[in-house]
Protein chains: 2
Amino acid sequence: MGHHQLDELDYKILKLVASNARIPFLEVARECNVSGAAIHQRVQKLTNLGILKGSEYIIDSNKIGFETCAYMGFYLKNPGDFSHVVEELRKIPEVVECHFTTGQYDMFIKLFARNNQHLLEIIHTKLQPIGLSRTETLISFREIFRRQLPIEEVEDLD
Amino acid sequence: MGHHQLDELDYKILKLVASNARIPFLEVARECNVSGAAIHQRVQKLTNLGILKGSEYIIDSNKIGFETCAYMGFYLKNPGDFSHVVEELRKIPEVVECHFTTGQYDMFIKLFARNNQHLLEIIHTKLQPIGLSRTETLISFREIFRRQLPIEEVEDLD
DNA sequence: GGTGAAAACAGGCCTGG
DNA sequence: CCAGGCCTGTTTTCACC
């Protein structure tokens with residue numbers, strides 16, 4: 001869990017690539033005053049360490065026909081069924097995030113649907129049969145913003 | 001809101017770039033049996049339409065020292081204060097998503113913190129002063145999975 | 001750990017169908 | 001709206017430090 005020893009250059013690279021996965025490494029190199037090969041090696045290292053876990057294009061879900069974004073929290077009918085439930089959730093492509101949580105629920109998921117009726121359909125035909133209890137659904141009217149987590153070097157005290 | 005008229009090639013491109021922002025366009029071109037120039041033009045079109053909204057590297061938040069992921073729902077003390085609250089939330093870098101919602105809350109956010117104590121600190125010193133009421137916090141123990149929304153051509157009926 | 005140069009490859013811009 | 005060619009810039013590897 002504890003994080004690895006990353007130096008200033010690592011953080012600078014992470015900051016630059018975080019919100020632009022297609023930035024040329026040579027441009028990163030120029031910003032960092034090192035060679036392109038150095039960036040290439042660092043990115044490889046960060047990937048091997050599992051700190052960089054791939055890249056994504058950000059796609060406007062509304063514009064490709066997914067107008068409903070919802071979050072759902074629920075309890076399991078049989079606690080201990082965790083892994084089975086996770087497997088079933090993985091099979092539902094509309095479920096895009098899945099968390100174990102503490103507090104009000106056992107699990108918490110984010111999902112997209114084409115519209116509200118489609119959401120109901122997913123809940124009734126795909127989610128309920130898995131064996132959930134006390135589900136609560138929260139519909140996002142609008143995503144106001146979404147961004148990367150702050151990447152900052154932890155201020156090590158000397 | 002209504003989605004644009006995208007054809008099979010557009011969807012195929014979206015599917016390929018969605019989960020790998022650094023895939024060479026020429027590789028996409030080979031998969032789709034068209035020229036690189038065609039992909040280039042399509043990506044440009046999809047960007048101009050706002051369907052592609054940039055790209056991101058996926059960074060393991062735990063490994064860079066953000067071990068606590070939380071969701072918070074809340075009501076506003078003064079409804080009508082929406083835009084002010086949003087401005088204030090934008091200033092808090094740990095807040096990575098912000099939604100208008102319907103149902104149990106007025107707004108819903110996702111945030112990262114270094115640990116649970118840091119989360120409390122953020123809530124007390126940054127969030128509470130904005131003017132929220134009835135906040136509820138849900139802490140994610142573990143993100144089990146996270147992926148892109150399903151990109152599929154809408155089955156147009158003839 | 002880093003550099004610098006070379007080869008292979010991809011991106012961007014044409015022109016023409 | 002796409003193909004093919006061309007030139008520029010980028011990626012990747014390598015010997016070397």
Side-chain angles (χ1 to χ4, degrees), chain A residues 2-60 63-65 148 151-156 158, chain B residues 2-60 63-65 148 151-156 158:
Chain A
H3 54 282
H4 305 264
Q5 212 49 37
L6 301 183
D7 67 12
E8 210 181 323
L9 180 55
D10 292 314
Y11 279 103
K12 203 160 180 187
I13 294 169
L14 288 176
K15 210 180 293 189
L16 286 166
V17 304
S19 48
N20 179 10
R22 284 195 80 92
I23 189 174
F25 289 172
L26 276 181
E27 196 174 322
V28 177
R30 286 188 287 267
E31 294 262 3
C32 298
N33 291 109
V34 293
S35 70
I39 302 299
H40 185 251
Q41 287 164 9
R42 291 290 186 125
V43 169
Q44 201 101 356
K45 183 192 79 175
L46 292 166
T47 303
N48 291 339
L49 288 173
I51 293 170
L52 289 176
K53 299 193 292 186
S55 59
E56 284 177 345
Y57 259 96
I58 304 164
I59 294 170
D60 189 315
K63 292 193 175 146
I64 58 165
Q148 285 278 36
I151 294 162
E152 272 162 63
E153 187 159 10
V154 141
E155 55 303 321
D156 292 314
D158 303 311
Chain B
H3 54 280
H4 306 263
Q5 211 51 38
L6 302 182
D7 66 14
E8 211 180 321
L9 180 55
D10 292 314
Y11 279 104
K12 202 160 181 187
I13 293 169
L14 288 176
K15 209 180 294 189
L16 287 166
V17 303
S19 48
N20 179 9
R22 285 195 80 93
I23 189 174
F25 289 173
L26 281 179
E27 196 174 323
V28 177
R30 285 189 287 268
E31 293 262 3
C32 298
N33 290 111
V34 294
S35 72
I39 302 299
H40 184 250
Q41 287 164 7
R42 291 292 185 121
V43 169
Q44 201 99 359
K45 182 192 79 175
L46 291 166
T47 303
N48 291 339
L49 288 173
I51 293 169
L52 289 177
K53 299 193 293 186
S55 60
E56 284 178 346
Y57 259 97
I58 304 163
I59 294 169
D60 189 315
K63 292 193 174 145
I64 58 166
Q148 284 277 38
I151 294 161
E152 273 163 63
E153 187 160 14
V154 142
E155 56 303 320
D156 292 313
D158 302 311

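The structure displayed is predicted, hence computed values, not measured ones. Per chain, numbering begins at 1; letters A, B, ... match sequence-line order.
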How many whole angstroms separate atom CD of B:Glu8 from atom P of D:dC1? 16 Å
Separation of C:dG11 atom P from B:Ile13 atom CD1, nearest Å, is 13 Å
Between the CG atom in A:Leu52 and the CD atom in A:Gln44, the distance rounded to the nearest 0.5 Å is 10.5 Å
Mark up nucleotides 2-17 of chain D, 5' to 3', with B wherever a protein heavy atom is under 4.0 angstrom from a base atom, S wherever such an atom reaches only the sugar-phosphate, and - elsewhere. BBB-----SBSB----
If you look at every heavy atom in A:Lys53 and B:Ile59, which pair is closest and at what distance? CE-C, 4.5 Å
Heavy-atom pair of closest approach, residues B:Gly36 and B:Leu26: CA-CD2, 3.8 Å
Which of these, A:Lys12, A:Lys45, A:Arg42, sits in a salt bridge (charged side-chain N to carboxylate O under 4.0 Å, His left out) with A:Asp7? A:Arg42
Audit row: B:Ile58, A:Ser55, side-chain contact (heavy atoms from CB on, under 4.5 Å) steps and yes/no: CA-CA 5 Å; B:Ile58 304 163; A:Ser55 59; 5.9 Å; no
